[in-house]
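The next block holds one structure in the form of structure tokens; read it before the comments.
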Amino acid sequence: MAQYPFSEIEKKWQTHWAETGLYKVLENPQKPKYYVLDMFPYPSGTGLHVGHPLGYIASDIVSRYKRLKGFNVLHPMGYDAFGLPAEQYAIQTSQHPAKTTAANIETFRRQLDLMGFSFDWSREVRTCEPEYYRWTQWIFGQFFNHWYDKAAEKARPTSELERHFSLHGNSGINAACSEPMQFTAAEWNVLSPKMKSDILNNYRLAFIDFTTVNWCQELGCVLANEEVVNHPEKGPVSERGGYPVVRKKMKQWSLRITAYADRLLKGLDTLEWSDSIKEIQRNWIGRSEGAEIQFTVESLQSTVGEIAAITVFTTRPDTLFGAPFVVLAPEYEGLGTLCSDEQREAVMTYAESAKNRSEIDRMADTRKTGVFTGAYAKHPFTEKPIPVWVSDYVLAGYGTGAIMAVPAHDERDFEFAKAFKLPIVPVIKPENKNLLEPLKEAFSAKDGICFNSDFLDGLAVKSAIQKAIEKVENKGLGKRKVNYKLREAGFGRQRYWGEPFPIVFDSNQIPHLINDLPVELPKVESYKPTGTGESPLAGVKEWVEVDLEDGPGLRETDTMPGWAGSSWYFLRYIDPGNSETFAGQTTINYWKQVDLYVGGSEHATGHLLYSRFWTKFLFDLGYLSVDEPFKKLVNQGMIMGEDGQKMSKRWGNVVNPDDVCTQYGADTLRMYEMFLGPLTDSKPWNTNGIEGVSRFLSKFWRLFEQEELFSLTDETPSKYELKILHKTIKKITGDIEQMSFNTAVSAFMVATNELGALQCKKRAVLEPLIILIAPFAPHIAEELWQKGGHKESVHLATWPVWDEQHLVETHFEYPISINGKTRTVIAFDLNADAKEIEATVLTDATVQRWMEGKPMKKFILVKGRIINVVV
RNA sequence: GCCCGGGUGGCGGAAUAGGUAGACGCGCAGGACUUAAAAUCCUGUUGUCAGCAAUGGCAGUACGGGUUCGAUUCCCGUCCCGGGCACCA
């Protein structure tokens, strides 16, 4: 018989498990809980290829293992069902995205079922279902109704904020907000409702922002930076279609994620995530400590009026005395009023062209351009006037949009100074060494000594930074400041297939939250972009226009982005049927957080950051007891095509798991994917290789057969058989704990080969082996278990424990090295006396030959490891 | 440019509190069973040199140094590959 009857038994058990609800899980305070989660898939039209289930197999093995170890395991699955591709497909085929999405989900489910996963499907979620997205909308509403109190380091209700404003204005409020502002209670109380609303918008965690976006007229929508490419002649164009893209300010809903920047950064230290993902998030958040320093504007050459002071941000206040000029971003607020009349035209022309250059273009081009504004700022310490320039190498969105240039110690400032022949003033030198002038490049090292710097002279950079900040603060010239690269998260899309906002604008343009949820997505005739920058929903008059208590209102017609639903889905699995709240308190307190999360690393700065953000927010509101969603994260690698290229239709190298299951069975597919190599590595698929695993499973099956009939005996196992069993239990247990599944599979092969050679058919040895392999190959294990006479599922059995006593060795074959080179092997009792061993070794013929009569210098004996004779 | 990973047979990969490098599988070669094939099983398989052979010598974990009785593992330098960030002051 070639292969064991996998197709028959796999189908049988899959049906049986589903019918008996084997993987259904409920809260059980008697058992420790374990929550294993996979990143839920986006149900594309192409279905799964063998690369997709890699992570699912790994997490399924852990889930099954943990159950056998006595844990109450939550292992759910669902679908990230809103999003652009579905909408695009709907437009092309004139079908409703709900319909195509449902069809795709069906395909996914069929494929997933083939592989024998132990998901609790009763907990399935789909982000596009009203019963799910009503809670996405509800969480959005919470963001809308809260602000971030920096003093308390938590989110608080805006109702409290309004009360405070009416009593004290905004004094005493330390909030995360878009624009700094100051007002008294008297001022607040006389404001119009619209103005109050605008001010609250400045504080809300979900707020309306006017941001510069990439607008593509032809496609009628906003594009992400990575969807815009630079055309040599046409300039910025859309990646798809090559249509022109312009930068345009548009109204966008945003989430104030920057309020949580510091906590998002600090929280990383508590997580068992890979260093690389943590590092990516750290870089993305981009915390830098420094100071904001004011430079008063000196020149009064402008006829329009002037800005009193320019505030710059620097991480190197120690280089203050090396700042011969100041540079502003082209978007700098009030640039036109700052510059001198003679320079105004040149400045504005430059600023305009810079603004229209795409981000990509500006970044790619590191040649320095710029214009002198005609204005001068007073250096805060030397009090000398220094020129103010404008250049697009200064980013408007970071810090204050203005810098003090220190060309001698900053690469970019150096390039700029060289390009415009501006002075380069060195103020930091290496210890015990002088700088060679003129400088060939900026000396940006942070281990130098200050000179030419007045009160900083002789100080090391580190202490000079502290001293400079103190001085700046004491003299009232600025303050210590921490800056983040992290930007607010744009939360609106001009698209149909997403969650509608629970927002209505009244006739004064004041946004009001709708509390009657869900706000359902209306059925529409056309999903096509409108071309006006509005979502297709804007065309559905009967939906958009609503009656409010005091007049007509208009619904928000943007929808939420793809990441909205995925930012909290792990919480819904905990209590998927709850119609009172997103998840009930007792269930949340039981399951707490995801213990193991398996998924791709491509979500490092998107989903994984947003989920942490939403979790911290809901934690602040008291709904969660932990403020990190995913305790341990493992990123599975990619499975490449046989040709070493990425698996895709384009290369024709896609392997479909359905085909593999048909030909070899799900158990073989599961074990082979694990056998390919370490889970986290990328590795190529190899069709020949799968034969080896298939052969192994057949061999494993035959281990239980005598003359092709199932046979287990009750004979007492030999010492050697017990040793094989217990060493395997130990190895498999350790490997699963370390998620080293490839070596676990090889350990099964070794055990099977060894027991096969012994013709061992003993129940006491083989039955524990069935439990060990059950997480990897659940079908074959269940069949053999049942054949062995068990009525209950093997997946409800108890994980075997190894006994060291069976692993104790009495002898060891010591490799004997002479001067570090292995020359022979001699066996000794492990309890043998060191002196005796030494004597025996030295009289050994081979040892003597290699010692060539030279005297022994040293005798090294590492018990159970090696013997080395040094001559 | 900067920051993370990583370079081990023909291939996927084992082995690092420093201790017999190449487990396991694929591929390849040879053999057994068979009328034959499939399936299964057995043997060999890092390179090189010596030998009819059993066997043995030497070299060998990207490259060059270092520490050590002993280095794939630790340290320094170089090269290459993968990933991330990229004018973030």
Side-chain angles (χ1 to χ4, degrees), chain A residues 1-3 274-284 286-288 290 312-317 319 323 327 329 362-368 391-395 397-406 409-413 415-416 444 483-487 601-602 604-605 635 637-638 671-672 675-678 680-696 698-699 702 740 742-753 756-757 813-825 856-871:
Chain A
M1 183 183 59
Q3 288 168 308
S274 74
D275 288 336
S276 77
I277 294 273
K278 286 198 207 181
E279 203 55 31
I280 291 170
Q281 289 209 348
R282 282 193 194 103
N283 290 338
W284 191 259
R287 182 181 200 271
S288 48
V312 304
F313 174 72
T314 178
T315 55
R316 295 290 303 274
T319 60
V327 191
R362 252 169 88 166
M363 301 282 186
D365 188 2
T366 51
R367 283 171 311 172
K368 297 289 177 281
S391 171
D392 68 359
Y393 85 90
V394 176
L395 304 175
Y398 185 75
T400 58
I403 60 153
M404 61 171 211
V406 186
H409 305 295
D410 181 280
E411 216 62 54
R412 300 148 299 180
D413 297 342
E415 294 299 320
F416 189 76
S444 52
N483 249 314
Y484 298 93
K485 281 203 296 191
L486 186 70
R487 295 298 142 83
S601 56
E602 67 273 20
T605 54
N635 303 113
M638 238 192 317
M671 289 199 96
Y672 179 60
F675 188 61
L676 272 176
T680 52
D681 286 10
S682 285
K683 54 245 159 184
W685 182 262
N686 180 329
T687 300
N688 284 330
I690 200 166
E691 300 272 357
V693 174
S694 173
R695 272 200 282 270
F696 154 69
S698 294
K699 232 190 263 184
R702 258 179 278 124
S740 176
N742 55 329
T743 51
V745 175
S746 94
F748 282 122
M749 291 172 170
V750 172
T752 304
N753 288 342
E813 299 231 319
Y814 282 93
I816 316 291
S817 308
I818 317 297
N819 284 342
K821 283 185 194 286
T822 309
R823 297 302 180 187
T824 186
V825 178
M856 185 190 76
K857 263 205 206 146
K858 209 170 170 185
F859 188 85
I860 294 154
L861 167 68
V862 184
K863 198 175 169 187
R865 288 280 188 188
I866 201 167
I867 290 165
N868 191 15
V869 182
V870 187
V871 297

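Per chain, numbering begins at 1; letters A, B, ... match sequence-line order.
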Picking from B/rC24, B/rG84, B/rU40, the nucleotide nearest the side-chain atoms of A/Asn753 would be B/rC24
- request: Could you work out the separation of B/rC81 and B/rC76 based on their P atoms and round it to a whole Å?
  value: 23 Å
Requested in this report: For A/Ile280, report the nucleic acid contact type (base, sugar-phosphate, nothing); a contact means any heavy atom under 4.0 Å.
Outcome: sugar-phosphate
Should A/Ser288 be listed as having a side-chain N or O under 4.0 Å from OP1 or OP2 of B/rA89?
yes
Protein heavy-atom contacts under 4.0 Å, written 5' to 3' over nucleotides 4-14 of chain B as B (base), S (sugar-phosphate only) or - (none), form the string S-------BSS
Listed range with range, the stems formed with RNA chain B by at least 3 consecutive Watson-Crick or G-U pairs (under 3.5 Å) are B:1-7 with B:79-85, B:10-12 with B:24-26, B:27-32 with B:40-45, B:46-50 with B:55-59, B:62-66 with B:74-78
Its glycosidic angle compared against 90° from 0, B/rG9 adopts the form syn
request  = Respond yes when some side-chain nitrogen or oxygen of A/Arg865 is under 4.0 Å from OP1 or OP2 of B/rU16, and no when none is.
outcome  = no
Just checking A/Arg823: base, sugar-phosphate only, or nothing, at a heavy-atom cut-off of under 4.0 Å? sugar-phosphate
Has A/Lys857 got a side-chain N or O lying under 4.0 Å from the OP1 or OP2 atom of B/rG70?
no
Any donor-acceptor N/O pair under 3.5 Å between B/rC85 base and A/Asn283 side chain: no
Practice item. In whole angstrom, give me the gap between the P atoms of B/rA29 and B/rA39. Key: 15 Å
Report task. Using the P atoms only, state how far B/rU73 lies from B/rG9, rounded to an integer number of Å. Result -> 15 Å
